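The structure under discussion appears below in the form of structure tokens.
Here the structure is a predicted model, which means the values were calculated and not measured. Both ligands and their constituent atoms are indexed starting at 1 by order of listing.
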Amino acid sequence: MASTQLTVASNAPTKNADLLAWVARCAQMTQPDRIVWCDGSEDEKKRLTEQAVQEKILIPLNQEKRPGCYLHRSNPNDVARVEHLTFICTPNKTDAGPTNNWMDPDEAYTKLSQLFEGSMKGRTLYVVPYVMGPLGSPYAKIGVELTDSIYVALNMRIMTRMGKAALDMLGDSDDFNRGLHSTGDVNPDRRYICHFPQDNTIWSFGSGYGGNVLLGKKCLALRIGSYLGREEGWLAEHMLILGVTDPKGQTTYVAAAFPSACGKTNFAMMIPPGEYKGWKVETVGDDIAWMRVGPDGRLYAINPEAGYFGVVPGTNNKTNPNAMATIAKDTLFTNVAMTADGDVWWEGKDGEVPEELTDWQGRPWKKGSAEKAAHPNSRFTAPMNNNPVLSPKANDPQGVPISAIIFGGRRSNTVPLVLQAFNWTHGVFLGATMGSETTAAATGKVGVVRRDPMAMLPFCGYHMGDYLQHWLDMQKSITHLPKIFQVNWFRQDKNGKYLWPGYGDNMRVLEWIVNRVHGRVPTQETLLGWVPRQGDINTSGLDVSPEAVAESTSIKADEWKSELKSQEVFFEQLGTKAPEALMLQRKLLISRLGN
Ligand code: SAT
Ligand code: MN
């Protein structure tokens, strides 16, 4: 112990005693050959990148076509979040709630200690201090991730404000998240993502995939973040944040929750269609929002991240030109295909499908092959500073005032294109009853509808009933409540064709939302909520029949019957913690629908 502690302290760029002691304890357990403290410098990036290339962890791409870009191929058994191996380890099982896997903290520490024991022998332990949130923001949080993965260290450098800046901000405080990660032998039978909210600690073993191992993201910013948010009176949400500016120059900030791989990045970077001269959309964040009540009683949001870990397939110059520009340089690609000239390729990229490729597993691939060349959950990690439409407020320590909150699932039927909640409580009900068809972002079957309240089902770090109650309680402290909306871009006709074109055309729905926020248009009341009156959604230049638009906004009684049943099953699961106010909303809806 003494010698490890000595080594840790001797090359450490900090005198923080709690940090040093904790690093020493973890090094004692994992027994790395070396300890490297990351400083976040350009020099370090160069050094680590070269080393990762040497170790074949990163493959350099064509540097003329994609300067600063590299490809990583993960283990084929390790390509998405693993919800069944993700645990909330609170002392009382009930605190984790029925929607999380729970493990007793003592049992989890013991079990994982055995896995971590000597797991870094022959390897390097990287100490990655990082800030979630703009530097100097009173709303930011500090974490330190100890990892034996150079890929994780390089990704954390993009996704967070990492290195010296974080140590400077931390000073000698003991208030930091303690994250420990070891890739282990990447065996799904020895893979655990454990959260200890009461200790502000995360232990992740046996995976190298983003959401499981970039501990600042889902683990800290959402699971631990939501727990801290409830204790401290704020909200940690799976939401993009955008600013939409109208031709008069007025900017309205909107936060929107969609489940993983349902278009948050596309919506946050949207380019309005040609009819929208003078309008612009700018990105504050594409995945996570931390929201607090500001001194003026409004709800302010910061994006805790500094980069985007986005889904690659389907990204092209039509669906998201700004993402294409963002990933043109200094980007790490994971599990995409490679072209003969060393560029990247994926299903849904612009242009002709190449005759031959190297697929995401490094195997030769031919056009027409039944298998996908890129993994459906292949990802890019890109710095937000690459984004041509990055909001000038993205680094604002105070965040941006939110005027509208949007909840959106992926639903091929039932849920109409857009509606506005009658009030905050009804809006929380709409968020709580969100359902969505599953995607490749998590292991398991794709395309199955599941209840995904506020797109937080895999990310809420405590009891879902308490979480919904916390949302209800927030309205007491917000004096200027954001208006709440529900959207569904994914409705299909009976032949499985999307009724609404989505992407840039979502601006048409966003315009209505902005108009509603500023009280510029009246609405039509329906049983579900307020919807646009005929003609209030601008369809000029829209390449879709009026019938399809009508169908995408329709409300069908039979579909709502089964929807209500499925909602009932969800609320029953919450037991006595199902908030009274939401149960009342449910009763009101049932009586309105006459079911
Ligand atoms: O893999 S991540 O969890 O980081 C992305 C997502 O699923 O939302
Ligand atoms: Mn996400």
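- A salt bridge does not link D286 with K264: none of the charged nitrogens is closer than 4.0 Å to a carboxylate oxygen.
- Scanning the protein for heavy atoms near atom 1 (O) of ligand 1, the closest one is Y209 OH, 2.7 Å.
- Against a heavy-atom cut-off of under 4.0 Å, F309 is close to the following atoms of ligand 1: 1 (O), 4 (O).
- Residue-ligand proximity, R379 to ligand 1, at heavy-atom distances under 4.0 Å covers atoms 5 (C), 6 (C), 7 (O).
- Among the heteroatoms counted here (N, O or S) of D287, OD1 is the one nearest to the Mn ion (ligand 2).
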Under the criterion ring-ring contact (aromatic ring centres under 6.0 Å, His included), I'd like the reasoning laid out for W489 against F267: C-alpha separation, chi angles, the key distance, then a yes or no. CA-CA 11 Å; W489 314 138; F267 193 48; 5.4 Å; yes
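- Of the residues Y192, Y109, F87, the one that meets the ring pair (Phe, Tyr, Trp, His ring centres under 6.0 Å) test with W203 is Y109.
- Atom 6 (C) of ligand 1 has S260 OG, 3.1 Å as its closest protein atom, hydrogens excluded (heavy atom only).
- Of all atoms in ligand 1, listed by their number and element, those nearer than 4.0 Å to a heavy atom of K217 are 4 (O).
- Counting atoms of ligand 1 from 1 in the listed order, those under 4.0 Å from a heavy atom of A441 are 7 (O).
- Panel note: side chain W290, backbone A221; a donor-acceptor pair is recorded below 3.5 Å.
- Taking a cutoff of 4.0 Å between a charged side-chain nitrogen and a carboxylate oxygen, K349 and E347 do not qualify as a salt bridge.
- By the 4.0 Å N-to-carboxylate-O rule, D350 lies too far from K318 to be salt-bridged with it.
- Checking K218 against the Mn ion (ligand 2), an N/O/S atom falls under the 2.8 Å cut-off.
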